[in-house]
Amino acid sequence: MKESHSLLSLEAHQADFAHQGDDRIEDVAQQRNARRKSFNWPWGALLPVAFLGALEIGSAFDLIPSRLLPPPSEIAQTIYALAKRDLFAHIAVSVARVAAGFSIGALLAVAFGVLVGMHRRAESLLEPSFQALRAIPSLAWIPLLLLWLGIDETPKIVLIAIGAFFPVYINLVAGIHNVDRKLLEVGKIHGLSSRDLIRRILLPAALPNLFTGLRTGLSLSWMFLVAAELIAATKGVGYLLSDGRESSRPDIVLAAIIILATLGKLSDSLLKHIETRKLRWRDVLASRPD
């Protein structure tokens with residue numbers, strides 16, 4: 001009896017020791033992953049920094065004509081000079097226009113996307129017209145919007161909303177069409193109404209496509225902003241572009257382009273962060289650890 005008791009005690013101690021060893025291994029692995037996540041090399045900045053450095057060196061050795069392509073140091077001085085004047089007012093106006101136009105376009109796209117995705121008759125009625133309107137270039141809308149809406153803020157916001165509408169609409173319709181039909185059948189079996197089917201099954205299943213459309217629509221909103229601010233605008237980053245062209249100041253033009261690129265990247269990063277949080281339940285290649 002004593003020998004069996006001692007053997008049982010020895011096995012228990014060995015099991016505890018093995019369990020503690022596994023816990024230590026897991027702790028070490030978690031610490032390594034935490035250290036990896038705490039510091040990530042900014043690989044995305046490598047190419048722009050190398051490009052700007054090459055431009056600066058090329059301008060310093062007169063390999064690149066500065067009257068056509070000013071060096072980055074001169075562009076930085078231009079941005080600093082604009083910042084001391086009214087640059088932030090121009091940025092605020094442009095951000096407000098993009099926010100308003102993108103919100104209106106995205107909301108309308110979600111409404112029509114759900115309607116077309118759910119109902120074949122609505123798809124047959126609306127899809128050909130939407131595809132024809134999608135092919136119209138942004139600049140072609142400007143004369144018509146000026147005739148209809150005047151030269152105040154309304155045509156600018158409408159033009160940006162048009163740019164944001166189609167990517168969100170197309171991706172959402174594709175996402176709804178790719179939803180597994182069995183999910184809808186299960187929802188109907190459980191007595192879900194049409195509104196609950198959309199809210200609890202269709203939209204969650206189509207979220208990956210919806211976020212793809214939102215990010216594409218947001219980038220197009222910044223593109224359409226430039227065209228929109230050509231409509232008799234006196235404020236905005238697009239106005240700075242036009243002003244630099246009219247005054248033959250390539251440094252102002254390039255400064256405005258850099259500002260637009262920065263604003264577009266920041267807004268896309270914000271939307272991507274929201275996408276990552278909302279879609280973290282997915283077990284896909286994009287969610288793999290670094």
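- The side-chain heavy atoms of L225 and L260, taken from C-beta on, include a pair separated by under 4.5 Å.
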Exercise. Checking side-chain contact (heavy atoms from CB on, under 4.5 Å) for the pair L220/M223: CA distance, chi angles, key distance, verdict?
Worked result: CA-CA 5 Å; L220 279 179; M223 296 180 189; 3.6 Å; yes
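- By the salt bridge (charged side-chain N to carboxylate O under 4.0 Å, His left out) test, R245 is found to be paired with no residue, residues two or more places apart in sequence or in another chain being considered.
- Partners of A140 by side-chain contact (heavy atoms from CB on, under 4.5 Å), not counting sequence neighbours, listed by chain and number: I136, P137.
- W222 and V95 get closest at one heavy-atom pair: CH2-CG2, 4.0 Å.
- A salt bridge links E153 with R97: the closest approach of a Lys/Arg side-chain nitrogen to an acidic carboxylate oxygen falls below 4.0 angstrom.
- Residues V110 and I274 share a single hydrophobic cluster, defined by chaining ILVMFWY side chains whose heavy atoms lie under 4.5 Å apart.
- Ring geometry for H90 versus Y239: interplanar angle under 30°, hence parallel rather than tilted (30 to 60°).
- Shortest non-hydrogen contact noted between L172 and A206 is CD1-CB, 4.1 Å.
- L52 and L47 fall into different hydrophobic clusters, where Ile, Leu, Val, Met, Phe, Trp and Tyr side chains are chained together by heavy-atom contacts under 4.5 Å.
- Note: the hydrophobic cluster containing L107 does not contain V158 (ILVMFWY, side chain heavy atoms under 4.5 Å, direct or indirect links).
- Using a 4.5 Å heavy-atom cutoff, the side chains of S242 and E229 are not in contact.
- For the side-chain contact (heavy atoms from CB on, under 4.5 Å) test with L214, the passing option among N171, L271, D268, N209 is L271; the others fail.
- When all heavy atoms of P70 and L254 are compared, the closest pair comes out as CD-CD1, 3.5 Å.
- When the side chains of ILVMFWY residues are joined at heavy-atom separations under 4.5 Å, either directly or via intervening members, I252 and V93 end up in two distinct hydrophobic clusters.
- Side-chain contact check for L192 versus R199: every heavy-atom pair is 4.5 Å or farther apart.
- Closest heavy-atom contact between L240 and A256: CB-CB, 4.2 Å.
- F51 places a side-chain heavy atom less than 4.5 Å from the side chain of L55.
- Counting heavy atoms from C-beta on, the side chains of V98 and L263 never come closer than 4.5 Å.
- Nearest heavy-atom pair, F211 versus L279, reported as atom, atom and distance to 0.1 Å: CD1-CD1, 4.1 Å.
- When all heavy atoms of A227 and L139 are compared, the closest pair comes out as CB-CD2, 3.9 Å.
- By the 4.5 Å heavy-atom criterion applied to side chains, E123 and F130 are not counted as neighbours.
- Heavy atoms from other residues, nucleotides or ligands lying under 6.0 Å from CG of L133 number more than 12.
- Taking the side chain as every heavy atom from C-beta outward, V114 and L203 approach each other to under 4.5 Å.
- Around CZ of R215, the count of heavy atoms belonging to other residues, nucleotides or ligands within 6.0 Å exceeds 12.
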